[in-house]
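The structure under discussion appears below in the form of structure tokens.
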2 protein chains.
Amino acid sequence: MKKEKEIFNQFLSRKNLRATPQRDLVLDVFLTREDHITAEQLYDVVKKNDPSIGQATIYRFLKLMLDAGLAREVDFGDGVMRYEGSYNHPHHDHLICRGCGKTIEVVDSVIEELQRRVAESFGFELTDHEMYLYGLCEVCRKK
Amino acid sequence: MKKEKEIFNQFLSRKNLRATPQRDLVLDVFLTREDHITAEQLYDVVKKNDPSIGQATIYRFLKLMLDAGLAREVDFGDGVMRYEGSYNHPHHDHLICRGCGKTIEVVDSVIEELQRRVAESFGFELTDHEMYLYGLCEVCRKK
DNA sequence: TTGTTAATGATAATCATTATCATCACATGA
DNA sequence: TCATGTGATGATAATGATTATCATTAACAA
Ligand SMILES: [Mn+2]
Ligand SMILES: [Mn+2]
Ligand SMILES: [Zn+2]
Ligand SMILES: [Zn+2]
């Protein structure tokens with residue numbers, strides 16, 4: 001919590017950008033959320049604390065967070081981008097239930113290594129990847 | 001080529017839909033394309049043969065192809081959906097160059113098996129997955 | 001305090017995709 | 001043949017997320 005704010009403010013000053021109460025507030029709200037949040041959802045929560053905030057500010061904030069390396073985008077394929085904090089939250093992939101939408105964060109070091117090898121076998125140097133596993137959770141399977 | 005048309009027309013009659021010259025034409029064009037094509041690109045090519053065709057027909061056609069199991073969607077994350085034929089073209093994943101956009105179709109049976117296991121370890125039954133490997137190809141690396 | 005310049009919020013614009021709707025075409029049956 | 005029901009088409013409007021624009025406000029360094 002404290003560390004992210006520090007990093008964000010360092011990022012701002014390094015880029016000659018300014019600390020503003022709006023950015024402070026949005027960051028606070030973002031940090032309380034642990035899940036994968038959309039800009040709209042973030043906007044709705046922030047508005048409760050400051051009804052005068054514009055949603056453009058939310059979108060701009062999220063871009064900054066990506067740039068600062070404090071957030072990453074998650075695309076579940078439903079046409080809306082989601083965001084998750086990346087500080088103290090290393091790379092992982094997602095397992096999503098087609099029934100109820102529940103998501104689980106997963107990581108498999110063997111898969112990660114094989115991905116690198118597959119890429120190399122085609123002369124590629126792997127920079128990143130996206131992997132989404134879709135299925136039915138235990139609950140949804142009982143129907 | 002011949003088989004896909006047969007399957008598509010069977011699909012149409014089974015669903016009480018009609019065979020039309022537009023659908024014939026669009027299917028012909030789609031089948032000549034081997035890559036991952038966008039609706040817009042497909043529309044542009046089809047227009048050369050029939051300038052009177054509407055792009056809504058293209059979108060509607062692609063939906064039918066998905067429904068018929070003759071095509072699948074590919075999402076490279078650039079905001080545009082792409083389509084590839086799925087007849088005689090089994091599941092695979094994609095390796096994409098961040099430099100030039102070149103795509104390579106890859107499949108690794110060990111990864112596929114591990115994906116299933118990861119899902120199972122969380123009580124999920126895996127139905128499908130998406131995996132996109134991003135990197136730099138040999139050519140783009142030399143810069 | 002002031003001057004420079006970034007930030008904000010309202011709003012318009014984008015862009016891919018969908019929905020709407022009047023018209024057309026095709027199959028079927030009187 | 002003709003009427004008719006219904007799916008298909010193409011033009012166009014609508015949608016929805018995201019981005020751009022712009023006049024105004026506010027940080028912050030000198
Ligand atoms: Mn996550
Ligand atoms: Mn492919
Ligand atoms: Zn579920
Ligand atoms: Zn390349």
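Here the structure is a predicted model, which means the values were calculated and not measured. Proteins get letters first, then strands, A, B, ... in listed order; numbering begins at 1 in each.
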### Message
Base of D:dG10, side chain of B:Arg60 - is there a donor-acceptor contact under 3.5 Å?
### Response
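Side chain to base: pair found, below 3.5 Å.
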Atom-pair distance ([atom1] on [X]; [atom2] on [N]), nearest Å:
X: A:Asp24; N: C:dA7; atom1: CG; atom2: C1'; value: 13 Å
X: A:Leu12; N: C:dT5; atom1: CG; atom2: P; value: 19 Å
X: B:Met81; N: C:dT17; atom1: CE; atom2: C1'; value: 10 Å

### 5′-ward residue of the pair B:Pro51/B:Leu17 relative to DNA chain D
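Closer to the 5' end of DNA chain D: B:Leu17.
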Just to be sure I understand the rule, does [X] reach a base, reach only the sugar-phosphate, or reach nothing, if contact means heavy atoms closer than 4.0 Å?
X: A:Thr38; result: nothing
X: A:Lys63; result: sugar-phosphate
X: A:Arg23; result: sugar-phosphate
X: B:Pro21; result: nothing

### Query
If you measure only the distance, is there a donor-acceptor pair under 3.5 Å linking the side chains of A:His89 and A:Glu34?
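Result is no, nothing qualifies.
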### Query
Do B:Arg117 and B:Glu120 pass the salt bridge (Lys or Arg N to Asp or Glu O under 4.0 Å) test, and can you show the C-alpha distance, the side-chain angles, and the key distance before you say yes or no?
CA-CA 5 Å; B:Arg117 291 219 194 125; B:Glu120 273 169 19; over 6 Å; no
### Query
Would a distance-only check, ignoring hydrogens and angles, find a side-chain to backbone donor-acceptor pair under 3.5 Å from A:Asp35 to A:Ile37?
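Looks like no, no N/O pair under 3.5 Å.
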